Amino acid sequence: MQGNIFVISAASGTGKTTLIARLLQHHSDIRVSVSHTTRAPRRGEENGKHYHFVSVPEFERMIEEGQFVEYAKVYGNYYGTSTQSLESLTRQGVDVILEIDTQGAEQIRRLLPQAYSIFIAPPSLATLEQRLRQRAADAPQVIAVRLAEARNEIEQARLFDYLVVNDDLTAAEAALLHIIKSQRCRLENQTPFLNELLGSGDNT
Ligand code: 5GP
């Protein structure tokens, strides 16, 4: 059985990465595609695990060679999903999450209409600002840029299939899980099972 593809986007500071990390920890049949990026690793980030960290010339070479399903420039750095990364996961039959920005989500919607898109929203803009300021990983000027971008990104939520509000982490994780699991029960995703069931020749 082929797994489904889920695009998950959010304005930065919404807690998307924490939310997805929890989901992955609890469900081994849900995996996230590891993106390539030209941004520098943050403390604690491992090459090949959080991202494939590459140079700008290397990333541009991969663009020219058509190695990305989607890519975008976010806050001055390149980010992209390689076809190889995505296919190695979909082949395993697991559900695959693409944790990407709204520009990438738009490209996936066009290219892979069978993918489902989920937007994670903060409970309020004030909460988002507070979370961004508490996060020590970025310099103040980076935070200012991200705040200005946040509103624009949230406006893009209208283009997504689902919206999950990340007010309470446990509740948001449960909502995400229900969205992901329910797609498996869609009839089009159960056709191989149904064919096998009926093809068994046993009508009892
Ligand atoms: P960060 O630098 O905080 O890890 O990520 C910044 C933004 O880039 C986030 O919105 C994240 O979802 C997005 N991003 C990460 N990987 C990809 C990718 O492969 N493609 C696109 N389009 N965006 C990505």
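Since the model is a prediction, treat every value here as computed from it, not as a measurement. Atoms within each ligand, like the ligands themselves, are counted from 1 in listed order.
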Sequence neighbours excluded, the answer for salt bridge (charged side-chain N to carboxylate O under 4.0 Å, His left out) partners of Asp167 is none
Quick check on the hydrophobic clustering: are Ile8 and Ile100 connected, directly or via other members, by side-chain heavy-atom contacts under 4.5 Å? no
For atom CZ of Arg151, decide whether the heavy atoms of other residues, nucleotides or ligands shown that lie under 6.0 angstrom number more than 12. no
Is the NZ or CZ atom of Arg158 positioned over Phe119's six-membered ring, under 6.0 angstrom from the centre and within 45° of the axis? no
Looking at CD1 of Ile5 and CD1 of Ile97, how far apart are the two atoms once the value is rounded to the nearest 0.5 Å? 12.0 Å
Do the side chains of Lys181 and Asp29 get close enough for a salt bridge, i.e. N-O under 4.0 angstrom? yes
Given a heavy-atom cut-off of 4.0 Å, could you list the residues near ligand 1 in chain and number order? Lys16, Ser35, Arg39, Arg42, Tyr51, Glu70, Ala72, Val74, Tyr79, Gly80, Thr81, Glu99, Ile100, Asp101, Gly104, Arg146
